[in-house]
**Student:** 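Below you'll find the structure I mean.
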Amino acid sequence: MHPKLTLTRKSQQIENLVLINSGNDTYPPGLFTKAEKEYIRIQKAVYKKDLVTIDRLDFRIFIYFPKPGQDQYKRLEECRKAGDKVACCLNDQRENKVVIYDTGGEHEEILAFAEGMALGSYQFLKYKSENKKENSLKEIQICSSVIEESRIERVNILTDAVCRCRTLINEPNSYLTASAFSKEVGKIAKECNAKVEVMNRNKIEALQMGGILGVNKGSGEPPTFTIMEWKPPAARNKNPVILVGKGIVFDSGGMNLKPGSTMQDMKDDMSGAAAVAAAIYAIAKAGLPVYIIGLMPATDNRPGPNAIVPGDVIRMQNGMNVEIVDTDAEGRLILADALSYARKFKPDLVIDLATLTGSAVRAVGKTAAVVMQSKAEKELIELRNSGFEVYERLVELPMWDDYADLLKSEVADIKNVGPPEAGSITAAKFLEKFTDFPYIHLDIAGPAFSDKRDSYRGQGGTGFGVRLLFNFITKITCH
Ligand code: BES
Ligand code: ZN
Ligand code: ZN
């Protein structure tokens, strides 16, 4: 388990301490000797250190100096990263508690620092039987006379949600089949009092969801379609906001088998669905007054005796016929059925999250997600702002109709893949065909997963999207 934040109003100075100092150089009275103060000053001024450590006999003091002159969001991100650094150090030392001491004023920085510490201490150890070095840090105590309890609680809810998302992503397909995914979402929903419904193969067939069934044809496991709903009596919106998540529990490419090592991390292809479940979990736990629904279609994508092949034509839930050009473009097929299904709710807004294209990774790397919208220009501006605030940043690509022309098919209504260029845009244009509502598409193929440790984002599933969606939903419901 990752560490939890607690709050105390009483000052304690005999434990591991963190002080965040933005330049006023005020320290708790009596904490440092004159010589120590001079040491800190020199480390900062002469050696340009932004993190200084003072060792006491049985505890440590970390003094962090956020860099001046940066924009506020970058500054908070640096605090999260510094929090991760300190957490690594404390875990190495087998310490289980740290106190972040509010020396007056830097509340955003303190909370960001604590968030980085908590998220950086996440581990996925389920399959380690030897050398299972569990992190020791259990408690991050904030010592402040002014920070509200509710803000601490919010960080706890969010870090918990992000860690749940990461674990879902990190679970390999040997455990996490589509059915197992649905069960896990069921457990998550129960813990936050959200409603959940799992549609099985029969129901998916009855709804004629040809996209999901088509991708599932090569699999030995049945598909699922999980619906999670949070509808508090005080909801501000009459029609729901809907989140749709790509739930490909493993993407081999299907008959267009992925070559070489490109298949390696494809257990992460359900990161969108995991982020949707975890974001609604956080929203429900925090009791946000919003009516929100999550739609999570799930299956693996494999070659099998009955697998769809290039040239096949499949009939989607909304009656459209799709020519399959490449079975590796499977995400858009399952998402399209979920989007068609979303129409019946007459949603105010639909946002989908999907590890959809390598093209998005080539465009912006692992640093950001690619985003596009249709009929949701204003909502996208808000979402992009949320992206800067939580540092899950979004880069917008155009949704011009020229790109839709690239999906014209000779034999069916549309084909599932266009030319090699502009791959993430044509994927979004494909999905747009199944919408008639304000719609935002997030391609998180880059930032969803990291094969090496990336500061507080960790290694493996990063949980990208959870903090973003939570921040965005908070903003649109509680302004
Ligand atoms: N799941 C992949 C996209 C992906 C790539 C996710 C890299 C994470 C990292 C998706 O299903 C896929 O295979 N897309 C193809 C589409 C192509 C066949 C048009 C791609 O991007 O190569
Ligand atoms: Zn694929
Ligand atoms: Zn995929």
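Please read these numbers as outputs of a predicted model, since none were measured by experiment. Counting starts at 1 for both ligands and their atoms, in listed order. Positions are given from 1 along the sequence.
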**Student:** Rounded to the nearest 0.5 Å, how far does OH of Tyr403 lie from CD1 of Ile425?
**Tutor:** 4.0 Å

**Student:** Check whether any side-chain N or O of Asn135 sits under 3.5 Å from a backbone N or O of Leu137 as a donor-acceptor pair, and report yes or no.
**Tutor:** no

**Student:** Ignoring hydrogens and geometry beyond distance, is a side-chain donor-acceptor pair present between Tyr127 and Asn170 at under 3.5 Å?
**Tutor:** no

**Student:** Under 4.0 Å and counting heavy atoms only, is there anything from the protein next to atom 8 (C) of ligand 1?
**Tutor:** yes

**Student:** Where is the nearest protein heavy atom to atom 17 (C) of ligand 1: which residue, which atom, and how far?
**Tutor:** Ala329 CB, 4.5 Å

**Student:** If you have a sec, work out which protein heavy atom is nearest atom 21 (O) of ligand 1 and how many Å separate them, to one decimal?
**Tutor:** Gly358 N, 2.7 Å

**Student:** Gln208: what forms a side-chain hydrogen bond (donor to acceptor under 3.5 Å, both in side chains) with it, not counting sequence neighbours?
**Tutor:** none

**Student:** Kindly assign one of parallel, tilted or perpendicular to the pair Tyr439 and Phe437, based on the angle between their ring planes and the thresholds 30° and 60°.
**Tutor:** perpendicular

**Student:** Closer than 2.8 Å to the Zn ion (ligand 3): how many protein N, O or S atoms are there?
**Tutor:** 4

**Student:** Can you list the atoms of ligand 1 that are under 4.0 Å from a heavy atom of Met266?
**Tutor:** 1 (N), 4 (C), 5 (C), 6 (C), 7 (C), 8 (C), 9 (C)

**Student:** Got the closest protein heavy atom to atom 10 (C) of ligand 1, with its distance?
**Tutor:** Leu356 O, 3.2 Å

**Student:** Atoms of ligand 1 less than 4.0 Å from Glu330 heavy atoms?
**Tutor:** 11 (O)

**Student:** Does only the side chain of Asp251 get under 4.0 Å from ligand 1, or the backbone, or both, or neither? Count heavy atoms.
**Tutor:** side chain

**Student:** Heavy-atom distances under 4.0 Å decide this one: backbone, side chain, both or neither, for Lys246 against ligand 1?
**Tutor:** side chain

**Student:** Does any N or O atom in Thr357 lie less than 3.5 angstrom from one in ligand 1, N or O only?
**Tutor:** no

**Student:** Who's the nearest protein heavy-atom neighbour of atom 16 (C) of ligand 1, and how far?
**Tutor:** Arg332 NH2, 4.0 Å

**Student:** For ligand 1, is any non-hydrogen atom under 4.0 Å from Thr262's backbone (N, CA, C, O), its side chain (CB onward), both, or neither?
**Tutor:** neither

**Student:** Could you check whether Glu171 pairs with Lys267 (Lys NZ or Arg NE/NH1/NH2 to Asp/Glu carboxylate O, under 4.0 Å)?
**Tutor:** no

**Student:** How about Tyr391 and Tyr73: are their ring centres within less than 6.0 Å of each other?
**Tutor:** no

**Student:** Give the atoms of ligand 1, by number and element, whose distance to some non-hydrogen atom of Val417 is under 4.0 Å.
**Tutor:** 19 (C)

**Student:** How long is the gap from CD1 on Ile212 to CD on Glu330, to the nearest 0.5 Å?
**Tutor:** 12.5 Å

**Student:** Hey, does Val155 have a side-chain heavy atom less than 4.5 Å from the side chain of Ile152?
**Tutor:** no

**Student:** Under a 3.5 Å distance rule, please check whether Glu229 uses its side chain to pair with a backbone N or O of Ile293 as donor and acceptor.
**Tutor:** no

**Student:** Which ligand 1 atoms, with their elements, are less than 4.0 angstrom from a heavy-atom of Asp326?
**Tutor:** 18 (C)

**Student:** Mind checking the SG-NZ spacing from Cys79 to Lys74? Nearest 0.5 Å is all I need.
**Tutor:** 12.0 Å

**Student:** I'd like to know if Glu389 and Lys475 make a salt bridge, using a cut-off of under 4.0 Å between side-chain N and carboxylate O.
**Tutor:** yes

**Student:** Starting from atom 12 (C) of ligand 1, find the nearest protein heavy-atom neighbour and note its residue, name and distance.
**Tutor:** Asp328 O, 3.2 Å

**Student:** To the nearest 0.5 Å, what is the distance between CZ on Phe430 and CG on Leu339?
**Tutor:** 10.0 Å

